[in-house]
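Notes follow once the structure below has been shown.
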Number of protein chains: 2
Amino acid sequence: MSISIKDVAEKAGVSVATVSRVLSEGPVRADTKERVHAAIKALGYRPNLSARRLRTQHAQTIGLIVSDIRNPFFTAVGRGVEDAAYRAGMRVLLCNTDENVERERMYLRLMQEERVTGLILAPTLAMLDQLQKNPLQFPAVLIDRAGAGGLYDSVVLDNREAANTLVEHLFEEGYRRIGGVFGQTSATGLERRDGYCASMKARGLTPDPRLLPPTVDAGEKAMSEWLAGPDAPEAIIASNGLLLMGVVKAAQRLGRAIPSDLAVAGFDNEDWTEVVGPGLTVIEQPVHDIGRNAMSLLFDRLQNPGLAPRKVVLSGRCIVRGSTLASKPAALAENRSAPLTGAAAMNP
Amino acid sequence: MSISIKDVAEKAGVSVATVSRVLSEGPVRADTKERVHAAIKALGYRPNLSARRLRTQHAQTIGLIVSDIRNPFFTAVGRGVEDAAYRAGMRVLLCNTDENVERERMYLRLMQEERVTGLILAPTLAMLDQLQKNPLQFPAVLIDRAGAGGLYDSVVLDNREAANTLVEHLFEEGYRRIGGVFGQTSATGLERRDGYCASMKARGLTPDPRLLPPTVDAGEKAMSEWLAGPDAPEAIIASNGLLLMGVVKAAQRLGRAIPSDLAVAGFDNEDWTEVVGPGLTVIEQPVHDIGRNAMSLLFDRLQNPGLAPRKVVLSGRCIVRGSTLASKPAALAENRSAPLTGAAAMNP
DNA sequence: TTGAAAGCGCTAACAG
DNA sequence: CTGTTAGCGCTTTCAA
């Protein structure tokens, strides 16, 4: 049993109501306030949030459910959400589903039981479907993976356009047999695949997309087999940081040089993409904006529940590095201070 | 106002106590139970956790405070903690302090207010000090950074020994001017520095340690200046993954080849350390064991609060890769399927 | 400016 | 097996 407001009231010789008023900065005479503060300090009192939430019916809590916290994209978004939440006096309940629908369902139930004020969610494909059929009981904003669904507010990247940018770039560099590996558990993966396929066809090329579990291992395994086979591509697009890492590992394992044997481009401008080999060409997402936008959509809805669902579509930025520059002088590489030197520097 | 146990009771034609018993799998007649379940389903009832926690005085919550969730070490530990917690029917409150003592203090206060069952904590140096003076009100296990303190249970790496292993390895490879960059905000950083210094002196070498904020940028900046100056080392040890990344970036920026111009070794076997350049030599931490051990120490203490504090010291594993193998044939590299091919493959 | 008292949703005696 | 009831710690009328 821990120290309660009652103990403080006793010690200060006032009623619990007065202590409560002191805590909430209500109208209390200065000397009374002082006595109460003294008692609080002496006893080391801390309010019990469960009791407060029960009484006020206000959890002051934002739920954040992401698929994989190892993905720097989600750590950045999470940080943005957390900052905005704390500025508004709310706490954040962060949950990690690992792309597992069972865990996702469990966490959604938890959010319900915590009576969260609002939810920010990057759903799996399967969950996205369920969300349309069984709408959530509280305000929610979908991030990264919204699909077509118009039921919820959402903040997403223009995935089709970003995939098209990558294909276009590779095409201009002279690549034709361009393959792609895409995460199979998210709407985002599918959208990037669709954008890739459309862009390939528009250029008279044959798309060769592969849907995979979004993990390093799955990417490495699939690419190893692909590269060893007869239909090995000369360039590859990976739909997220984990698959991109898998592609690089597979290329190394099979002794394929990047970009001369295999050009590589992908999504997510993670730190390591800059230092590996000649640097990897990637689409950088406006992670900070995504988190910030998600929170403002959420707060808007909390203030005005009747609002029609809004979808915010942001654009990625293509950062060209050496991994896609086989045919041109390295000097053309943008956003890279010393592309060739950097690459050469890594060699014994 | 949401659906409560009272609504369910009404709908099912029973008392709230009976509903409560159904929820906790208490003794209830089969047909009554069925009626209650039907009512729960029909109403979409979900128990209110705040109320339950208030009543039972049992938060069923483990707090987890880490310094930086971007650090794969902490994501892995976090995952281990979460798994163990859920097996025990507890939830996890994950907080990220970003090495900021203010945030750390705030979260500690939050834990208190949430009345958490127990806490797992990777404290900053400053906090570690305070924890000795003002002991926490609830069971806590320190991970990664325990210092000397004997007040709490802890799970740590043998940091001195690990640093020594790295120095020894570099020494055997023929390096003599070995520098080191260490995180200044954690006991762990300091211990690794001490281990490094001791090991250098034992070999008659002059240690040259630099304490830095544990970030990529700080590492890159410090190393850039260091490498450009007259006292540039021929080998460098980085005390964590972020500083290691900074070192690699600085080397690239200045056109220093790894390992011929600069040998590099560090801590944390992150995915990217395997694919960058010739591969980086690192100390791999038993991340899974750390999380698991922390949770069992915590559960032990919950069952038996009188226990004397225990300290579990685990050993790291040295994974040798090309970044420290200047003088020997690459074939000697362990744990690497195709070291030279892999490295060569990255070059245009 | 302060206190008394009701009640948020739930569990756990206790009684039947 | 089931219902009645008290009370967890807090906020918030309503009176004084």
Side-chain angles (χ1 to χ4, degrees), chain A residues 1-37 39-40 43-61 89 91 109-117 137, chain B residues 1-37 39-40 43-61 89 91 109-117 137:
Chain A
M1 222 65 27
S2 69
I3 311 275
S4 86
I5 202 174
K6 211 168 158 186
D7 303 307
V8 176
E10 233 158 68
K11 176 121 189 168
V14 297
S15 74
V16 293
T18 299
V19 177
S20 178
R21 279 190 204 101
V22 171
L23 291 175
S24 56
E25 322 244 314
V28 181
R29 230 174 48 212
D31 61 324
T32 318
K33 196 187 299 189
E34 207 164 313
R35 283 218 316 288
V36 171
H37 273 134
I40 287 178
L43 295 172
Y45 167 77
R46 290 276 99 211
N48 181 321
L49 290 185
S50 292
R52 183 176 282 175
R53 282 197 277 261
L54 175 58
R55 172 62 228 231
T56 61
Q57 300 288 16
H58 200 322
Q60 303 276 49
T61 300
R91 88 193 151 126
R109 207 159 42 225
L110 178 69
M111 295 297 159
Q112 184 87 237
E113 300 184 350
E114 295 279 3
R115 304 292 193 267
V116 294
T117 313
Q137 308 295 319
Chain B
M1 221 64 28
S2 69
I3 311 275
S4 87
I5 203 173
K6 211 168 159 186
D7 303 306
V8 176
E10 234 159 67
K11 177 121 189 168
V14 297
S15 73
V16 292
T18 300
V19 177
S20 179
R21 279 189 204 100
V22 170
L23 292 174
S24 56
E25 322 244 314
V28 182
R29 228 173 50 210
D31 60 324
T32 318
K33 194 187 298 187
E34 207 163 315
R35 283 217 317 287
V36 171
H37 274 134
I40 288 177
L43 296 171
Y45 167 78
R46 289 276 100 209
N48 181 319
L49 291 185
S50 292
R52 183 176 281 176
R53 282 197 278 260
L54 175 59
R55 171 62 229 230
T56 61
Q57 301 285 35
H58 200 323
Q60 302 276 47
T61 299
R91 89 194 151 123
R109 206 160 41 226
L110 178 70
M111 294 296 158
Q112 185 88 238
E113 299 184 351
E114 294 280 2
R115 304 292 193 266
V116 295
T117 313
Q137 308 295 319

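What you see is a predicted model; the values in this text were computed from it and never measured. Within every chain, numbering begins at 1; the chains are lettered A, B, ... in the order of the sequence lines, protein sequences first and strands thereafter.
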Candidate pair Val28(A) and Val36(A), rule side chain to side chain contact (heavy atoms under 4.5 Å, CB included), full reasoning: CA-CA 10 Å; Val28(A) 181; Val36(A) 171; 5.9 Å; no
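Remark: nothing in residues 23-34 of chain A comes within less than 4.0 Å of DNA chain D through any heavy atom. Contacts with DNA chain D (heavy atom under 4.0 Å) in residues 44-52 of chain A: Tyr45(A), Pro47(A), Asn48(A), Ala51(A), Arg52(A), listed by number.
Atom CZ in Arg55(B) sits roughly 10 Å away from atom C1' in dT5(D) (whole-Å rounding). Atom CD1 of Ile5(B) is separated from atom C1' of dG3(D) by 13 Å (rounded to the nearest Å). With rounding to whole Å, Lys6(B) atom NZ is found 13 Å from dT5(D) atom C1'. The distance between atom CD of Glu114(B) and atom P of dC10(D), rounded to the nearest whole Å, is 13 Å. Spacing between atom CD of Glu10(B) and atom P of dT4(D) amounts to 12 Å, rounded to whole angstrom units. Atom pair Ile40(A):CD1 and dG9(D):P shows a separation of 16 Å (rounding to whole Å applied).
Side-chain contact between Ser4(B) and Asn48(B) is absent, with no heavy-atom pair separated by less than 4.5 Å. In this structure the side chain of Ser2(A) never reaches within 4.5 angstrom of the side chain of Gln137(B), judged on heavy atoms.
Note: Arg115(B) CZ to Leu49(A) CG = 8.0 Å, rounded to the nearest 0.5 Å. A distance of 12.5 Å separates NE2 of His58(A) from OG of Ser50(B), quoted to the nearest 0.5 Å. With values rounded to the nearest 0.5 angstrom, Ile40(A) atom CD1 is found 7.0 Å from Tyr45(A) atom OH.
With sequence neighbours left out, the side-chain hydrogen bond (donor to acceptor under 3.5 Å, both in side chains) criterion links Arg52(A) to no other residue. When the salt bridge (charged side-chain N to carboxylate O under 4.0 Å, His left out) test is applied to Arg46(B), the partners found at least two apart in sequence or on another chain are Glu113(A). Partners of Glu10(B) by salt bridge (charged side-chain N to carboxylate O under 4.0 Å, His left out), not counting sequence neighbours: none found.
The backbone N or O of Ala12(A) lies less than 3.5 Å from a partner atom in the side chain of Arg35(A), making a donor-acceptor pair. Side chain of Thr61(B) to main chain of Thr117(B): no donor-acceptor pair is present (N/O by atom type, distance under 3.5 Å, no hydrogens or angles).
Nucleic acid contact for Ser20(B): base, since at least one base atom lies under 4.0 Å from a heavy atom of the residue. Arg53(A) comes within 4.0 angstrom of no nucleic acid atom, judged by non-hydrogen atoms across all strands. Ser4(A) comes within 4.0 angstrom of the backbone, heavy atoms only, and of no base.
Under the 4.0 Å criterion applied to side-chain N and carboxylate O atoms, Arg53(B) and Glu114(A) are assigned as salt-bridge partners.
The side chain of Gln57(B) places no N or O atom within less than 4.0 Å of a non-bridging phosphate oxygen (OP1 or OP2) of dT11(C). Side-chain nitrogen and oxygen atoms of Thr18(A) include at least one within less than 4.0 Å of the OP1 or OP2 phosphate oxygen of dG3(C).
When the C1' atoms of four end pairs are superposed on the next four at each end of the helix from dT1(C)-dA16(D) to dG16(C)-dC1(D), using five pairs per end, the two resulting axes differ in direction by 40°, to 10°.
Looking at Arg21(B), its side chain comes within 3.5 Å of the base of dG3(D) through a donor and an acceptor atom.
Mapping Val16(B) and Val19(A) onto DNA chain D by nearest heavy atom places Val16(B) closer to the 5' end of the strand.
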